[in-house]
Amino acid sequence: MNQEAQAPRGALEIRKRQIESSLQRRHRTERTFRAVGLAAVIMGLGFVALLFATILAKGLPAFWQATVTTEVFFDPAVIKVEARPVRAADENPQQFRDRELAWLNRLGMVNWNRIIEDTLITHLPDAAEKRPLVRQLVTSGERFKLRDMVAADPGLIGKRAQVELLADANVDVWLKGNIDRSLDDSQQQLRPEVRAWADELKERGVIQNSFNTSFFVNPDSRSSLASAGLGGAFIGTLYMMAIVIFLSVPIGVLSALYLEEFAPRNRFTDLIEVNINNLAAVPSIIFGLLGAAVFINWLHLPLSAPLVGGLVLSLMTLPTVIIATRSALKAIPPSIRQAALGIGASKMQTMFHHVLPLAMPGILTGAIIGVAQAIGETAPLLLIGMSAFVATLPVTPLDQSAALPVQIYLWQGNELRNFFEARTSAAIIVLLALMLSLNALAIWLRKKFERRW
Amino acid sequence: MSNSVLIAGLLILTALAYQFGLTRSRAIANGPVRMHSRPGYYGLLVALWCGLPALGVWLAWFLFEARIVEYMVLGQIQAEVGVLDGQQAMVLLRRITSIASGIGVSDTPAAYELAAAETMSRLWATSRMAQVGLMAALAMGGLIWALRRLTPTLRARNHVEKVMSVVFVLCSTIAILTTVGIVFSMFGEAMRFFSFVNPIDFFFGLNWNPRFSTVGSGAQGDFGLIPLLWGTLMISGIALLVAVPLGLMSAVFMAEYAPDWFRSTAKPLLEILAGIPTIVYGFFALVTVGPFFHELGQAMGLQIRATSALTAGVVMGIMIVPFMSSLSDDIITQVPRMMRDGSLALGATKSETIRKVVLPAALPGIVGAFLLAASRAIGETMIVVLAAGNSPVLHANPFEAVSTVTVTIVNQLTGDTDFASPQSLVAFALGLTLFVITLGLNVFALYIVRKYREQYD
């Protein structure tokens, strides 16, 4: 009897131990599984952090650029132009304009480089023998700055004025330590004299790192790399944004209204619906091909124009807007519609007076997110010719222009790597700031106006 | 510029028309008779009568004016130059246009060109005058006619609503038109490409070497799709290897384990990744990830190029993670609570419940998400343009540079493109291939989700 009782107890014991060990194993698996999940999330978040940290670390220094702050003597011996023409009483506007243009032309012919050299030589007396070298300290586009100063105020001739001149890109690279200083002369981008002068001026405070506003207003430049800016690209992007907002938002909202509220369920509306869902998933580059074939090749619209870019991006954003609007409309309870219809409003009146205003926050949120996506898009713009180098600021949407993402693409390919890597990152910061502020606006709108029924 | 002036003028006139209609109907409404609609609708109706026909004329001119003028100019000089093909005609027209606009050409123009330029500027002037005249007449006529018809019994609201519903239908057809445009433009240009290159050589060719586009047809290169398709598949494969486990696991963690506070902070942060433009990822791959892999390879004694299929694939995978995870998250949270409770009540641990109950129930949705992610990876452009190294050679080494369909489209269509050489037309054949592949994946994904979706309660 004792033995009989023991046997099952032994079996139970064994069973219990089996269960315990299997439980241990199962709990271990549980913990591992959970840890793997956490690791996946952390990897994702870590990547966000890494990306932002890298871009900020690379890009932020580019907002401050080596600048020569100095007193410039507008030497009348070099600037040999007469006083700015004044309109005579008996002169018609055309004649006066011609005379003024001729004067500006002569002003443009002045040897501004010599003024810059003279200015630098006052700081660096030993450079007097090496004029072509000392000129390398200041970026070549800055001579136009002096010209424009005199054109705006001819009284400057013969006087001194405090001027900030952007240093050359290579000088900026050298002073920021973006090039290995121990490399020997053959691998350096600057001659040893220029490097020594740059260090000397930096030490004396003539060259300073100052905040670079020209980065935000100048167009792109290839001859004067240090003054290449985002201005043109920014205007292009703003134009495209405006076109996308004015085209895709109204069209998208109206077609969503139709599909959601008016359309009968038939083959035609089914077709539209399938279409919209498919368009939302078509790669963006396909829209670029469409733009190249239809807008450029068939309609002969100008290459590189923000108008064409805006049209292509609008077509691309349309499905996003439609889908967002439809879900916003779905969230409005039917009782609102029934109440309006019940007191005699027509269907249109119900929509425009009641449903649409209530759905507005949701629609706006979706639309803003769609627009933010659109302005970050690069590939379709490349196909409609926006990869062209444009050195002027666009005035109308039909002018040649760049766009922020395209400017990033162009700058990352520039040969002067150690200067343009920072510039590219700075451009990325501007683009991301624009997109994030749009997204923040969308979130704020949603938070502020969201209504739960 | 003149077009915008025209449109602005029309807009002002339309606004005036609205105002006229409004005041007129208000005046009538103050009288003894009751109006059918509210005054605003009468204003709108008058504005529509004023604006719409004139806008139609403007649009017709905008679309067809240039073509008709060019056709007439070419018709006039046909005797001198004979029949031209598209390319020559375009060059000649460009010359004539620049003579006509006063810019002039670099060499001395022939007499017939000068005559043609004269005709052209005359035609332009006539056509512009006709356009402005017609638009003004229609706008004024519509305005006056609508104002005269304005009576209390006019059912203005119904008329306006009818116009609105037509506008609604027009807006929704734009989506269809876009698809039709995509299909037709790509199909048309691809057919032109196939008149240069045999489709069999294109779809099954193992070499990609298009040479440069030269005016006229010189030596022709090889246009084999296979190396590009292989590169695309290799990069997408690597991307999915990164994105699917990471995305799925983070979705599982967020949906099943994470406390609310963690979920509500981590999810939007992760979604930032989805909003970052792909050019930024590309740049990041180029300057950070690529060199990192290169040095890692050196440390391990491997030859890894900085721009390679691996670099592009990994970065693209990270780009797709939030897409994959938010899609899977939605699907996992849709699995009903009962199923989890049942499994837990039987003694399964949480991870067992997830692996044996929740994920199998969510499988069709997850497969759908996988297919959508794949379609995104295949269509992705900028990361690959910057980080894959662009070498269209058939090989199986992920540490080497490859090229993809999208990169080649960009390469063939940027810069100086003329739409008559196979070198640029091939972009449309590639685009068509890409469109068909991604469309197929999307449709297949929808089909799987619909067909195998379990309906609970």
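By convention in this document, chain letters (A, B, ...) are assigned in the order of the sequence lines, proteins followed by strands, and residues within each chain are numbered from 1. Small disclaimer: the values here were computed from a predicted structure and weren't measured.
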Counting heavy-atom pairs under 4.5 Å to chain B, which of [options] comes out on top?
options	value
A/Gln412, A/Gln373, A/Arg31	A/Gln412
A/Leu436, A/Ile276, A/Asn277, A/Thr424	A/Thr424
A/Leu257, A/Thr54, A/Ile322	A/Thr54

What part of [X] gets within 4.5 angstrom of chain B, counting heavy atoms only: side chain, backbone, both, or neither?
X	answer
A/Ile55	side chain
A/Leu318	side chain
A/Ala372	neither
A/Leu51	both
A/Thr269	neither
A/Lys58	side chain
A/Ile272	both
A/Ile42	neither
A/Phe352	side chain
A/Leu38	both

Answer yes or no: does atom [atom1] of [X] have more than 12 heavy-atom neighbours from other residues, nucleotides or ligands under 6.0 Å?
X	atom1	result
A/Phe389	CZ	yes
B/Phe444	CZ	no
A/Phe52	CZ	yes
B/Tyr257	OH	yes

So which residue, [options], ends up with the most heavy-atom pairs under 4.5 Å with chain A?
options	value
B/Val443, B/Val160, B/Thr178, B/Thr278	B/Thr178
B/Ile272, B/Val321, B/Val252, B/Ile174	B/Ile174
B/Asn158, B/Val287, B/Leu432	B/Val287
B/Leu273, B/Leu441, B/Leu170, B/Leu446	B/Leu273
B/Leu439, B/Ile409, B/Thr438	B/Ile409
B/Ser172, B/Ser250, B/Gly379, B/Ala258	B/Ser172

B/Phe284-A/Phe47 aromatic ring centre distance below 6.0 Å: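 Ring centres of A/Phe47 and B/Phe284 closer than 6.0 Å.
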Test salt bridge (Lys or Arg N to Asp or Glu O under 4.0 Å) applied to B/Glu189 and B/Arg192, step by step: CA-CA 5 Å; B/Glu189 307 287 331; B/Arg192 276 172 69 196; 3.2 Å; yes
Side chain / backbone / both / neither for B/Ile378 at chain A, heavy atoms under 4.5 Å: neither
Residue part contacting chain A, namely of B/Ile318, when any heavy atom lies under 4.5 Å: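 Just the side chain, heavy atoms under 4.5 Å.
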Side-chain heavy-atom pair B/Tyr281, B/Met382 within 4.5 angstrom cut-off: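 Not in contact.
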Side-chain heavy-atom pair A/Thr320, A/Ser248 within 4.5 angstrom cut-off: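 No; the side chains remain at least 4.5 Å from each other.
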Residue pairs fulfilling side-chain hydrogen bond (donor to acceptor under 3.5 Å, both in side chains) with at least one residue in residues 251-263 of chain A, sequence neighbours excluded: A/Glu260-A/Arg326, A/Glu261-A/Arg337
Audit row: B/Lys350, B/Glu256, salt bridge (Lys or Arg N to Asp or Glu O under 4.0 Å) steps and yes/no: CA-CA 9 Å; B/Lys350 211 161 181 186; B/Glu256 302 282 338; 5.2 Å; no
B/Thr406 side chain vs B/Glu380 backbone, donor-acceptor pair below 3.5 Å: yes
Listed partners of B/Arg355 passing side-chain contact (heavy atoms from CB on, under 4.5 Å), at least two apart: A/Thr29, A/Phe33, B/Ser351, B/Glu352
